[in-house]
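First comes the structure, then the notes that go with it.
Each chain gets a letter, A, B and so on, in the order the sequences are listed, and its residues count up from 1.
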Number of protein chains: 2
Amino acid sequence: MLTIGKLGAQAGVKVPTIRYYEQIGLLPEAGRSAGNQRLYGRKALERLAFIRHARDLGFTLEAIRDLLSLSDNPEQPCVAADAIARAQLAEVERRLARLTALKAELERMVVQCVGGKIADCRVIEVLGDHSLCSTDHRHPESESSP
Amino acid sequence: MLTIGKLGAQAGVKVPTIRYYEQIGLLPEAGRSAGNQRLYGRKALERLAFIRHARDLGFTLEAIRDLLSLSDNPEQPCVAADAIARAQLAEVERRLARLTALKAELERMVVQCVGGKIADCRVIEVLGDHSLCSTDHRHPESESSP
DNA sequence: CTTGAAGCTATAGTTGCTAGAGACATTAGC
DNA sequence: GCTAATGTCTCTAGCAACTATAGCTTCAAG
């Protein structure tokens with residue numbers, strides 16, 4: 001049996017994060033020791049490693065919740081899991097495209113900066129005037145995690 | 001003079017977001033009409049467009065705060081602005097590298113899925129066992145906005 | 001003059017954690 | 001056996017960067 005600290009160390013997840021996952025129902029409530037400390041077995045470790053790995057791959061907690069409930073029913077068809085993974089892949093591809101455009105624009109910006117006064121600075125100037133941009137990097141369509 | 005709605009429409013920023021920017025001090029407090037409604041001039045529009053553009057390029061509000069105060073002092077040297085832009089470029093490049101690795105892993109995952117039962121699903125299996133991965137996509141080093 | 005859109009304030013919710021306070025449990029060294 | 005150092009407990013609040021809601025007032029068109 002593992003205490004929460006050992007579990008976290010083995011799975012690569014911080015202790016408060018584990019408690020948070022329990023709180024939102026991603027992990028089942030752990031058994032407790034005589035002194036009220038959480039104790040975990042191998043199954044909990046596997047489940048937490050699954051979550052950690054999926055987070056590393058950028059899945060949201062909501063998607064992970066679905067994937068976990070799928071993995072809890074091994075007899076069901078796997079189309080749903082496949083769909084979640086494909087959606088995540090599509091999301092990653094959209095972000096890649098967007099970041100590539102941003103990179104190009106930022107490069108243009110810093111390359112043009114010749115290092116004089118702010119009044120002559122291309123960085124400030126370009127930020128103030130979108131028409132100086134080459135690509136259309138508007139409409140952020142959510143850039144967030146991850 | 002523009003009402004907050006017109007300003008938002010012109011700059012491509014939602015009305016509550018403008019009020020939020022004012023609240024956190026990114027925009028100065030706007031003048032008010034007789035009926036206590038905010039009124040904006042050309043300068044406010046330029047400043048908001050600057051913010052919007054920088055957000056589109058992924059700068060944090062904190063970085064934008066710095067860029068704005070730089071642009072308010074046009075006689076200062078522009079190294080600071082350049083540094084902020086370069087830092088943002090480096091950040092974008094790190095995210096690109098990471099997303100590229102994620103994309104490869106996700107592709108491997110979905111390609112291997114043959115569509116049977118969950119018990120045989122590669123997606124679930126790979127998520128449960130990191131050693132099945134080809135790349136080391138661990139240590140997220142903050143994937144967040146944008 | 002009325003109606004509907006747009007504005008106002010203030011508060012709470014989102015995602016995925018992270019940090020802190022103050023109290024109890026466990027373990028290592030002596 | 002004792003003490004000190006960790007580790008764990010609960011609870012609350014905070015982060016970014018907004019978004020949404022409620023309940024009100026003001027404005028512009030017909």
Side-chain angles (χ1 to χ4, degrees), chain A residues 1-27 29-40 44 48 51-68 88 91 95 139-146, chain B residues 1-27 29-40 44 48 51-68 88 91 95 139-146:
Chain A
M1 285 300 193
L2 299 166
T3 62
I4 197 170
K6 314 277 184 194
L7 178 74
Q10 295 222 9
V13 177
K14 286 179 194 146
V15 167
T17 306
I18 299 173
R19 289 197 276 250
Y20 169 70
Y21 287 163
E22 177 182 309
Q23 189 194 314
I24 63 169
L26 263 192
L27 289 174
E29 290 197 13
R32 299 295 179 116
S33 74
N36 195 36
Q37 302 197 346
R38 289 172 180 82
L39 288 179
Y40 298 92
L48 184 54
I51 295 171
R52 167 74 211 263
H53 195 188
R55 285 297 294 139
D56 280 347
L57 286 166
F59 289 90
T60 66
L61 292 184
E62 221 28 67
I64 294 172
R65 202 187 289 277
D66 293 345
L67 288 168
L68 280 170
Q88 175 62 14
E91 178 67 24
R95 274 190 202 140
H139 309 304
E141 68 193 31
S142 162
E143 200 67 51
S144 35
S145 79
Chain B
M1 286 298 196
L2 299 165
T3 62
I4 196 170
K6 313 279 183 193
L7 178 73
Q10 296 222 8
V13 177
K14 288 180 193 146
V15 168
T17 304
I18 299 173
R19 289 196 278 247
Y20 169 71
Y21 287 162
E22 177 182 309
Q23 190 193 312
I24 63 170
L26 217 48
L27 290 175
E29 291 197 13
R32 300 294 181 118
S33 74
N36 196 35
Q37 303 197 344
R38 290 172 181 82
L39 289 179
Y40 299 91
L48 184 55
I51 296 170
R52 166 73 210 266
H53 194 189
R55 286 297 296 137
D56 279 348
L57 286 167
F59 289 92
T60 65
L61 293 184
E62 220 29 64
I64 294 171
R65 202 186 288 277
D66 294 344
L67 288 168
L68 279 170
Q88 174 63 12
E91 178 67 24
R95 275 191 202 138
H139 309 302
E141 68 193 33
S142 162
E143 198 67 51
S144 37
S145 80

Between P of D:dC9 and CG of A:L7, the distance in whole Å: 11 Å

Backbone of B:G12 reached by a side-chain donor or acceptor of B:R52 within 3.5 Å: yes

Contact under 4.0 Å: A:T3 side-chain N or O vs D:dT8 OP1/OP2: yes

Starting at the 5' end of DNA chain C, which residue's closest nucleotide do you reach first, A:K14 or B:L39? B:L39

At their closest point, which heavy atom of A:L57 faces which heavy atom of A:Q88, and how far apart are they? O-NE2, 3.1 Å

Minimal non-hydrogen separation, A:I4 against A:I18, with atom names: O-CD1, 3.8 Å

Distance check needed: C:dG16 P versus A:L57 CG, whole Å only. 15 Å

Expected list for residues 30-37 of chain B: side-chain donor-acceptor pairs under 3.5 angstrom, two or more places apart:
from  : atom 1 : to    : atom 2 : distance (Å)
B:R32 : NH1    : B:N36 : O      : 2.9
B:R32 : NH1    : B:N36 : OD1    : 3.4
B:S33 : OG     : B:G35 : N      : 3.2
B:S33 : OG     : B:Q37 : N      : 3.1

If a pair satisfies salt bridge (charged side-chain N to carboxylate O under 4.0 Å, His left out) and one of its residues is in residues 11-25 of chain A, list it, with sequence neighbours excluded. A:E22-A:R38

B:L2 CG to C:dA6 P, straight-line distance once rounded to whole Å: 15 Å

Quickly work out the A:L27 CG to C:dG16 P distance and round it to whole Å. 15 Å

Separation of C:dT14 C1' from A:E62 CD (nearest whole Å): 12 Å

Does B:R38 make a side-chain N or O approach to OP1 or OP2 of C:dA6 shorter than 4.0 Å? no

N/O (side chain, A:T60) to phosphate O (OP1/OP2, C:dT15) under 4.0 Å: no

Please give, in whole Å, the distance from D:dA17 C1' to B:I64 CD1? 10 Å

Please check the phosphate of D:dA17 (OP1 and OP2 only) for any side-chain N or O of B:R52 closer than 4.0 Å. no

Measuring from the side chain of A:Y20 (C-beta onward, heavy atoms only), which nucleotide among D:dC9, C:dT18, C:dG7 has the closest atom? C:dT18

Partners meeting side chain to side chain contact (heavy atoms under 4.5 Å, CB included) with A:Q23 (sequence neighbours left out): none

Just to verify, what does B:A63 make a side chain to side chain contact (heavy atoms under 4.5 Å, CB included) with, not counting sequence neighbours? B:F59, B:T60, B:I84

Side-chain N or O of A:R19 versus OP1/OP2 of D:dT10: is the shortest distance under 4.0 Å? no

Would you tell me if any nitrogen or oxygen in the side chain of B:Y21 comes within less than 4.0 Å of OP1 or OP2 on D:dA17? no

For B:L61 and A:Y40, take the nucleotide of DNA chain D holding the closest heavy atom to each; which residue's nucleotide lies nearer the 5' end? A:Y40

Rounded to the Å, how far apart are A:I51 CD1 and C:dG16 C1'? 13 Å

Between the protein and nucleotides 25-30 of chain D, list the N/O to N/O atom pairs that are separated by less than 3.5 angstrom.
from   : atom 1 : to    : atom 2 : distance (Å)
D:dC27 : OP1    : B:G35 : N      : 3.1

Of the candidates D:dC18, C:dC17, D:dT19, the side chain of A:R55 sits closest to C:dC17

Going from CD on A:E91 to CZ on A:R95, what distance comes out if it is rounded to the nearest 0.5 angstrom? 4.0 Å

Please give, in whole Å, the distance from D:dA17 C1' to B:I24 CD1? 8 Å

